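Residues: numbered from 1 along the sequence shown. Basis for what follows: all heavy atoms, side chains included, without hydrogens, waters or symmetry-related copies. Start at 1 and go down the list; that is how both ligands and their atoms are numbered. Keep in mind that what you see is a predicted model, and the values were worked out from it rather than measured.
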Amino acid sequence: MKTQITRRKLLQALGLGAIGAGAFPLACASPGTSENKEKVPVLRFAHLTDMHVEPGIGAEEGVKKCIEHILKSKKQVDFFVNGGDLIMDALGKDKAETEAQWAIWRSIRAAYPDLKFYHCIGNHDVWGKTPHEEKFSGKAWVMKEHGMESPYYAFESKGWHFIVLDSTHQKDDGTWYTAKLDTAQRTWLEQTLNKIPSDKPILIISHIPILGATPFLDGDNAQTGDWIVPGAWMHIDAKSLINLFHQHPNVKVCISGHIHLVESLLYQNVHYHCSGAVSGNWWNDEPYEMTHKGYGLFELFEDGRHTFEYVEYDKKPKGKL
Ligand SMILES: [Zn+2]
């Protein structure tokens, strides 16, 4: 029987939580030419990550509030990306508890049947008590909910190519889980990158950050005198992926969730963005490490530039209790 310590439980055990109020609205853009048509994005999408829905904590109302905020915005989006950890947790839950969480998501989707969602699988979406004869053990249920044929896939929209990765895999010792690509997915990624024309920009979506600074700051990671960042918090194969991206200069952007914090990092001409969390502090009203509930708004341009903004859809006005 595997035991699972989630990041949330670990942080609770360490007595770490919200430390104040604040916000991280930020925007980021690659340099580019200033031709008039290039000032208008060819595509805009909302990155909703870490929704963590379950009954009884206001998650359904919260996600609907987030979607309404996007739909009422002047900046209309072409589609939505679910960044993973859509449900609170299926790893340690039984069938009935997991089903109750998915029922909340189905209710949300039923309220907005026309919205186009692309889905990425998070660690908490994986059902730990899955029948082991299933083809994608642990992931078959979440894939069925989302109509996914594979836990990783690629698609194209308005000249941009999108690659959705599956971050969560068994550790080498067979325990669950670490952030990496397995051998089959790595081969598929290399083949997929080779097939995309070199003049077409690429955006990569993973639940767990491939590279980031926030995994260093999420928790008391320096208490031993060394920085300790678990392999479950940032891709353990980051260096290898960075080397792969270096062979494909049209890989422009990598986006993730998982950490519930917001950041933008530029390394070797690739932008790495972490889009906070729709659930903020797991639906607690206090912000999480100064980060409020929000979603990532991305605008993509024909020449490969992009912008990223973290939109706080539920921030309380200052001075109000
Ligand atoms: Zn996660």
> Name of the Asp85 N, O or S atom nearest the Zn ion (ligand 1)?
Replying inline: OD2
> Judged by modelled atom types alone, do Ser107 and Glu60 share a side-chain donor-acceptor pair under 3.5 Å?
Replying inline: yes
> Got a sec: is His124 within less than 2.8 Å of the Zn ion (ligand 1) via an N/O/S atom?
Replying inline: no
> Roughly, to 10 degrees, what angle do Asn123 atom OD1 and His207 atom NE2 form around the Zn ion (ligand 1)?
Replying inline: 90°
> Which atom, counting only N, O or S, brings His258 closest to the Zn ion (ligand 1)?
Replying inline: ND1
>> Looking at every non-hydrogen atom in both residues, tell me the closest pair between Lys293 and Val278 and how far apart they are.
In response: CB-O, 3.4 Å
> Are Tyr295 and Glu309 close enough, and set up right, to give a side-chain hydrogen bond (donor to acceptor under 3.5 Å, both in side chains), and what steps lead you there?
Replying inline: CA-CA 8 Å; Tyr295 61 90; Glu309 180 183 1; over 6 Å; no
>> Could you check whether His207 and His124, counting side-chain N and O atoms only, form a donor-acceptor pair closer than 3.5 Å?
In response: no
